[in-house]
Amino acid sequence: MSERRKSLVVQVRAHRAPAGDWIGEGFTATKRIGNAVIRNRAKRRLRAASRELLAHYGRPGCDYVFIARMGTATVDWTRLLDDMKSALISLGACLDESSGQS
RNA sequence: CCAGGCGGCCGGGCAGCCGCUGUUGCCGGCCUUCGGGCCGGUGAUGGAGGAAAGUCCGGGCUCCAUGGAGACAGGGCGGCGGGUAACACCCGCCCGGCGCAAGCCGAGGGAAAGUGCCACAGAAAGCAGACCGCCGCUGACUUUGGUCAGCGGUAAGGGUGAAAGGGUGGGGUAAGCGCCCACCGCGCGGCCGGCAACGGUCGCGGCAUGGUAAACCCCGCCCGGAGCAAGACCGAGUAGGGGGCGCACAGGGCCCGUCUCCGGCCAUGCGCCCCGGGUGUGUCGCUUGACGCGGCCCAGCAAUGGGCCGUGCAGAGGAAUGGCUGCCCCUUUCCGCCAGGAAAGGACAGAACCCGGCUUACAGGCCGCCUGGUCGC
């Protein structure tokens, strides 16, 4: 499942068969958002933000993918942190809901 | 001071907190074939560019291919000399064009070997060409000025065009024509200067040879293919695979880009022996190299070459070299009590085996030299 915000998209999925208690993470930026300099900067900011937030708001045993959008490299740092935090909280709620159903 | 030309350089700085990665020191743990390797902690130190870009040339390096002769293709280069590992690069010079000048631009060999093309306009466009005009002769008419018709001569003039078969001036002529003459241009030959491209000069010819070769072509010189996902190693060693020897040999296949001749090689079946291992995993290749930078000296107009001293400067691998904050610098806008304050912005762009170039992109800024003009001394 995925959550989209103004400055980024976050996807999450539980580990396959041998599930661990660690958190997997990946970062990507498509050519749509700019040249190599812009894409690298966007991925570095996502990496820096996830380092601050994933330990608190991420779920062990899950893999997260962070996808850069047009504004990722340029928006305010606090705005990027807010967007990522709210996306992670929403995904956590969805995970609880789906595990409760099954 | 204004306008312009050329060359070179920089392309944000400082600090704090938290991270990534290469190398290395120490400590601890694990493994070991005792060489070392891996993990964790801690300290030191290095960590994008002038274009890292486009991947357009030239090389190094790696693997593959590589038998001789002849013929024919294909691609590239193109004034001359020098530099270089090499080049389509660089330097100097020559020629032509542009600019008052400093300077800039030029695919700049050959169009009297051949072929093709040259629209429109125009009478005529490559065996040149009589539309108007000019001139002569004959005839008719006549208001005695000429007019008309026919036959000739003529490329000076008009008009068309990108281009009209040398140009200007004079002589000559019925009018004209290199028909003749002078100068310029062109061609041929000699002499002089220069390594040469080429320049100068003298003589002769007497106008012949339109343009286009980034059209085919001709001439001269050069040229194997692929690329680090090249390639090598470790590893469990199944199938396929490869090599050697012996036996059997019809047609066939392969070997320089193609063809011809000559020459060489080979598979297929059986037996015996040996080698060896698929993989964007791991390790190596991987950064010390025609190396860069800072001085000094020598040769050279210069590009560059040589010598000495010092110094070092990234090596990732779904891809590190960063994230955030504060102050300063520059630009724009706004407020203003004209002291200052606030906000926004700071280009082009990210190494991927490594060098030498070219080309393209680029906010802002610095330095030096030169040319023309103006003002003052």
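To find a chain, count down the sequence lines: A is the first, B the second, and so on, and within it residues start at 1.
- Distance check on atom P: C61(B) versus C367(B) gives 47 Å, rounded to whole Å.
- C62(A) and L95(A) get closest at one heavy-atom pair: SG-CD1, 4.1 Å.
- With a glycosidic angle no further than 90° from 0, G178(B) counts as syn.
- The residue among A49(A) and F27(A) whose nearest nucleotide of RNA chain B is located toward the 5' end is F27(A).
- For the C1' atom pair drawn from U62(B) and C362(B), the interatomic distance equals 38 Å after rounding to whole Å.
- Separation of the C1' atoms belonging to G200(B) and C95(B) is 15 Å when rounded to the nearest angstrom.
- Nucleotide A230(B) forms a pair with no other nucleotide shown, judged by Watson-Crick or G-U wobble geometry with both contacts under 3.5 Å.
- In this entry the distance linking CG of L80(A) with P of G323(B) reads 12 Å, nearest Å.
- L53(A) and K85(A) make their closest contact through CD1-N, 4.0 Å (heavy atoms, listed as atom of the first residue, atom of the second, distance).
- Comparing the same atom, P, in C148(B) and in G178(B) gives a spacing of 31 Å after rounding to whole Å.
- For G60(B), the glycosidic angle deviates from 0 by more than 90°, giving an anti base.
- Summarising the base pairing, U24(B) is matched to G43(B) through a Watson-Crick or G-U wobble pair whose two defining distances lie under 3.5 Å.
- Atom P of nucleotide C324(B) and atom CZ of R79(A) are separated by 16 Å, given to the nearest angstrom.
- Residue R45(A) places its side chain closer to G323(B) than to any other of A320(B), G350(B), G323(B).
- In this structure, the CD1 atom of I38(A) is 12 Å from the P atom of G323(B), given to the nearest Å.
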Output, in order, the C-alpha distance, side-chain angles, deciding distance and verdict of side chain to side chain contact (heavy atoms under 4.5 Å, CB included) for S50(A) and Y64(A).
CA-CA 10 Å; S50(A) 86; Y64(A) 288 86; over 6 Å; no
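- Nearest to the side-chain atoms of R41(A) among the listed nucleotides C324(B), A320(B), G350(B) stands C324(B).
- Residues passing the side-chain contact (heavy atoms from CB on, under 4.5 Å) test with R69(A) are R4(A), V9(A), T72(A), sequence neighbours excluded.
- Look at U288(B): it lacks any Watson-Crick or wobble partner with both distances under 3.5 angstrom.
- Using a 90° window around 0 for the glycosidic torsion, U287(B) falls inside it and is classed as syn.
- Side-chain N/O atoms of R44(A) include none lying less than 4.0 angstrom from OP1 or OP2 on C20(B).
- Rounded to whole Å, the separation between the C1' atoms of A125(B) and A164(B) comes to 8 Å.
- Note that CG of L88(A) is 12.0 Å distant from NE2 of H56(A), once rounded to the nearest 0.5 Å.
- Atom CE of M84(A) sits about 4.5 Å away from atom CZ of F66(A), to the nearest 0.5 Å.
- As the counterpart of G269(B), C247(B) is assigned, both hydrogen-bonding distances of the Watson-Crick or G-U wobble pattern falling under 3.5 Å.
- Atom CG in L81(A) sits about 13 Å away from atom C1' in C18(B), given to the nearest Å.
- Base pairing of U359(B) is made with A53(B), judged by Watson-Crick or G-U wobble geometry with both donor-acceptor distances under 3.5 Å.
- Across all strands shown, G224(B) forms a Watson-Crick or G-U wobble pair with C64(B), both key distances being under 3.5 Å.
- The nucleotide C259(B) finds its pairing partner in G70(B), both defining distances of the Watson-Crick or G-U wobble pair being shorter than 3.5 Å.
- Against the 90° criterion about 0, the sugar-base torsion of G11(B) places it in the anti range.
- Summarising the geometry, the separation between CG on D82(A) and P on C324(B) is reported as 15 Å, rounded to the nearest angstrom.
- Here G372(B) sits opposite C2(B) as a Watson-Crick or G-U wobble pair (both hydrogen-bonding atom distances under 3.5 Å).
- Taking only side-chain atoms of A48(A), from C-beta outward, the nucleotide of A320(B), G323(B), G350(B) with the closest atom is G323(B).
- Note: CG (N40(A)) to P (A52(B)) measures 18 Å, nearest angstrom.
- Nucleotides C286(B) and G16(B) place their C1' atoms 36 Å apart, quoted to the nearest Å.
- If you take atom C1' in A213(B) and the same atom in G108(B), they sit 14 Å apart, rounded to whole Å.
- When only modelled atom types and interatomic distance are considered, S86(A) and R5(A) share a side-chain donor-acceptor pair under 3.5 Å.
- Between L46(A) atom CG and C324(B) atom C1' there is a gap of 15 Å when expressed in whole angstrom units.
- G145(B) has its base syn relative to the sugar, with a glycosidic angle deviating from 0 by at most 90°.
- Nucleotides U66(B) and G257(B), compared at atom C1', are 14 Å apart to the nearest Å.
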